[in-house]
Chemist: 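Starting off with a structure, shown below.
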There are 2 protein chains.
Amino acid sequence: MPERMRIPKPTARRLSLYLRELNDSIQAGRVRISSKLLGDALGLTDAQVRKDLACFGQFGQPGVGYRAADLCARIRHIMGRDHGWNMALVGVGNIGRAILAYHRFQDDGFQIVSAFDQSPQIVGQTISGQKVLPMEMLPQEVRTREIRIGVIATPAETAQEVADRLVDAGVEGILNFAPRRLNMPPQVSVGTVDLTVALEQLAFEISIVRGRGTTEVGAKTC
Amino acid sequence: MPERMRIPKPTARRLSLYLRELNDSIQAGRVRISSKLLGDALGLTDAQVRKDLACFGQFGQPGVGYRAADLCARIRHIMGRDHGWNMALVGVGNIGRAILAYHRFQDDGFQIVSAFDQSPQIVGQTISGQKVLPMEMLPQEVRTREIRIGVIATPAETAQEVADRLVDAGVEGILNFAPRRLNMPPQVSVGTVDLTVALEQLAFEISIVRGRGTTEVGAKTC
DNA sequence: CTTTGTGAAATTATTCACAGCA
DNA sequence: TGCTGTGAATAATTTCACAAAG
């Protein structure tokens with residue numbers, strides 16, 4: 001078997017789903033699991049699951065399936081989930097507060113260890129156990145607390161500036177909740193959670209499902 | 001030019017981004033806009049932008065570009081954004097409260113008009129101006145308030161059941177914040193916002209960018 | 001008989017490149 | 001010249017289908 005390869009982006013997205021389903025299955029007492037079973041639970045074909053897993057080597061047994069615990073540990077390691085990730089939150093408004101209060105993150109090994117806000121009214125308050133710090137302390141906090149991920153929960157207008165400051169401070173990745181595309185150097189990874197986009201996509205799908213199968217102007221078969 | 005066609009899923013995702021950028025550009029006083037300009041702002045090629053827009057007919061002028069206001073109106077209509085969408089929120093915990101407080105939704109034409117919770121402790125409270133109702137009132141509210149979208153912000157365990165009740169009540173689409181795949185009839189559209197998946201993808205990308213370009217076991221060139 | 005791993009085929013999406021219009 | 005619309009080429013992803021292994 002060859003050695004180096006590139007993981008398709010869709011595969012990377014699904015990895016997270018495999019991990020969750022695997023955890024649930026193990027919790028439920030399952031010891032072995034087949035690509036069919038995994039796929040059915042997630043709405044994927046068995047072939048898809050096998051192709052995805054094959055990216056990381058071969059640890060299934062023909063005729064038997066995968067050992068759930070092994071597979072799970074393997075994927076956890078691949079995804080860097082076998083250790084914790086310290087995160088800094090910037091922007092303690094509505095969304096920021098929800099993120100601070102959302103303890104599932106902690107359970108999953110992602111911990112917000114520092115929170116920042118630009119507003120003097122908010123700095124100094126303690127919210128969900130986090131004392132909100134002024135932006136000036138960002139570089140120092142990233143260094144001393146080994147923060148690797150920045151979470152942006154500011155309005156769109158300040159998102160790019162905050163992102164730049166996070167990168168300067170040394171984070172390796174950014175999770176962006178602001179409805180704005182971030183311009184970042186390629187060595188910094190960016191993930192986006194955009195509620196408006198999610199809603200608009202949904203509205204679009206609904207509009208298509210019902211009534212006009214397309215637009216009324218008509219266009220070619222793309 | 002032919003008449004019916006199917007919109008590629010990636011195109012549907014980008015439509016939302018075009019709309020936002022177009023709004024910003026118009027706000028900034030721009031009257032005409034080219035595929036190059038739009039693409040640069042969003043990190044896409046000009047060809048990509050043109051191909052996407054071509055799905056809905058042709059309204060660009062060679063040598064000139066698109067009339068920003070026209071294009072914007074066109075996309076708004078296509079996406080069903082030329083009218084409001086009434087939504088029901090189910091689950092008024094951390095995430096639910098954040099969604100209620102997130103007034104950007106309202107600005108964008110998506111309005112939460114009813115909120116529900118299973119817990120007797122929460123039912124009856126007024127949160128961000130919404131009186132929380134018991135689940136029993138769901139069908140009636142969906143009917144009388146013309147609710148078309150259900151937003152699920154419950155724990156994973158109850159998400160499927162809530163989804164079923166929303167569908168029974170008559171919603172056409174569901175926005176799911178619970179970390180669980182929903183099994184739905186095909187005529188109901190589902191959008192998912194999954195924070196853990198977003199974070200894990202980010203962690204995965206970071207792990208790959210630095211150090212090992214792949215896993216140490218090595219696999220084939222997928 | 002079941003299920004993996006995987007080439008080969010099919011499908012889907014993106015980029016190229018250029019004719020034609022302003 | 002600048003820019004759209006689009007067929008043709010390319011690239012990426014998924015599905016098929018089957019040999020080999022338990």
Side-chain angles (χ1 to χ4, degrees), chain A residues 1-15 17-18 22 25 30-68 70-71 74-75 201 215 217-222, chain B residues 1-15 17-18 22 25 30-68 70-71 74-75 201 215 217-222:
Chain A
M1 288 77 211
E3 18 200 298
R4 288 281 128 134
M5 64 141 187
R6 186 195 75 74
I7 287 102
K9 224 183 302 192
T11 296
R13 266 207 308 284
R14 287 187 295 261
L15 232 38
L17 303 179
Y18 295 147
L22 240 17
S25 293
R30 185 174 291 286
V31 174
R32 294 180 181 284
I33 193 162
S34 69
S35 54
K36 183 79 173 45
L37 229 44
L38 249 179
D40 284 351
L42 296 168
L44 306 168
T45 65
D46 55 336
Q48 178 82 85
V49 173
R50 289 198 301 277
K51 260 280 188 328
D52 283 344
L53 298 181
C55 290
F56 306 103
Q58 28 191 103
F59 26 61
Q61 297 171 273
V64 179
Y66 302 87
R67 287 217 312 253
D70 276 11
L71 184 52
R74 202 63 217 298
I75 298 180
Q201 277 200 130
T215 34
V217 167
K220 54 174 29 173
T221 320
C222 240
Chain B
M1 285 74 212
E3 16 198 301
R4 290 281 127 135
M5 66 142 184
R6 184 192 79 73
I7 288 100
K9 225 183 301 198
T11 296
R13 265 207 308 282
R14 287 186 295 259
L15 232 38
L17 302 178
Y18 296 148
L22 239 16
S25 292
R30 186 173 290 287
V31 173
R32 295 180 178 285
I33 193 162
S34 69
S35 55
K36 182 78 172 43
L37 229 43
L38 250 178
D40 284 352
L42 297 168
L44 306 168
T45 65
D46 54 336
Q48 178 83 85
V49 173
R50 289 199 301 278
K51 259 280 181 349
D52 284 344
L53 298 181
C55 290
F56 306 104
Q58 28 189 102
F59 26 62
Q61 295 172 274
V64 179
Y66 302 87
R67 288 218 310 257
D70 276 11
L71 184 53
R74 202 64 216 298
I75 297 180
Q201 277 197 136
T215 32
V217 166
K220 58 173 29 175
T221 320
C222 242

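Throughout, a chain's letter reflects where its sequence line sits, starting with A, and its residues are numbered from 1.
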Chemist: Give, for atom CZ of A:R74 and atom CZ of A:F56, the distance between the pair rounded to the nearest 0.5 Å.
Modeler: 8.5 Å
Chemist: Which residues pass the side-chain hydrogen bond (donor to acceptor under 3.5 Å, both in side chains) test with B:R13, not counting sequence neighbours?
Modeler: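 Checked B:R13 against side-chain hydrogen bond (donor to acceptor under 3.5 Å, both in side chains); zero matches.
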Chemist: Which residues satisfy the side-chain contact (heavy atoms from CB on, under 4.5 Å) test with B:P62, sequence neighbours excluded?
Modeler: none
Chemist: By side-chain hydrogen bond (donor to acceptor under 3.5 Å, both in side chains), which residues pair with B:R14, not counting sequence neighbours?
Modeler: B:D52
Chemist: Taking five pairs at each end of the helix from C:dC1-D:dG22 to C:dA22-D:dT1, what angle separates the two helix axes (nearest 10°)?
Modeler: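 Computed from the C1' atoms at both ends, the axes differ by 10°.
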Chemist: Does B:Y66 place a side-chain N or O at less than 4.0 Å from the phosphate oxygens OP1/OP2 of D:dG5?
Modeler: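 Looking at the OP1 and OP2 atoms of D:dG5, one of them is under 4.0 Å from a side-chain N or O of B:Y66.
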Chemist: Kindly give the atom pairs (protein nitrogen or oxygen, nucleotide nitrogen or oxygen) under 3.5 Å for nucleotides 20-22 of chain C.
Modeler:
{"unit_1": "C:dA22", "atom_1": "O4'", "unit_2": "B:P62", "atom_2": "O", "d": "3.1"}

Chemist: Kindly give the heavy-atom pair with the smallest separation between B:I7 and B:A12, and that separation in Å.
Modeler: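 So the two residues come closest at CG2-N, 4.0 Å.
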Chemist: Show which side-chain atoms of residues 41-49 of chain B pair as donor or acceptor with protein atoms under 3.5 Å away, not counting sequence neighbours.
Modeler:
{"unit_1": "B:T45", "atom_1": "OG1", "unit_2": "B:Q48", "atom_2": "N", "d": "3.1"}
{"unit_1": "B:D46", "atom_1": "OD2", "unit_2": "B:R50", "atom_2": "NH1", "d": "3.3"}

Chemist: What integer distance in Å separates A:D46:CG from C:dT6:C1'?
Modeler: 13 Å
Chemist: List for me each residue that meets salt bridge (charged side-chain N to carboxylate O under 4.0 Å, His left out) alongside A:K36, sequence neighbours excluded, and say none if there are none.
Modeler: A:D40
Chemist: List in chain and number order the residues that pass salt bridge (charged side-chain N to carboxylate O under 4.0 Å, His left out) with B:R67, two or more places apart in sequence or in another chain; answer none if no residue qualifies.
Modeler: B:D70
Chemist: Which residues within residues 30-42 of chain B lie with some heavy atom under 4.0 Å of an atom in DNA chain C?
Modeler: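 Within this stretch, nothing sits under 4.0 Å of the strand.
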Chemist: Could you give the distance from CG (A:L38) to CG (A:L71), rounded to the nearest 0.5 Å?
Modeler: 7.0 Å
Chemist: Is a donor-acceptor pair below 3.5 Å formed from side chain B:K51 to base C:dT15, judging by atom type as modelled?
Modeler: yes
Chemist: With sequence neighbours excluded, what pairs up with B:A68 under the side-chain contact (heavy atoms from CB on, under 4.5 Å) test?
Modeler: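 For B:A68 the side-chain contact (heavy atoms from CB on, under 4.5 Å) partners, ignoring immediate neighbours, are B:I26, B:I33.
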Chemist: Can you name the atoms? Protein N/O to nucleotides 10-13 of chain C N/O, anything below 3.5 Å, with the distance.
Modeler:
{"unit_1": "C:dA13", "atom_1": "OP2", "unit_2": "B:R6", "atom_2": "NH2", "d": "3.0"}

Chemist: What pairs with A:R32 under side-chain hydrogen bond (donor to acceptor under 3.5 Å, both in side chains), at least two apart in sequence or on another chain?
Modeler: A:Q61
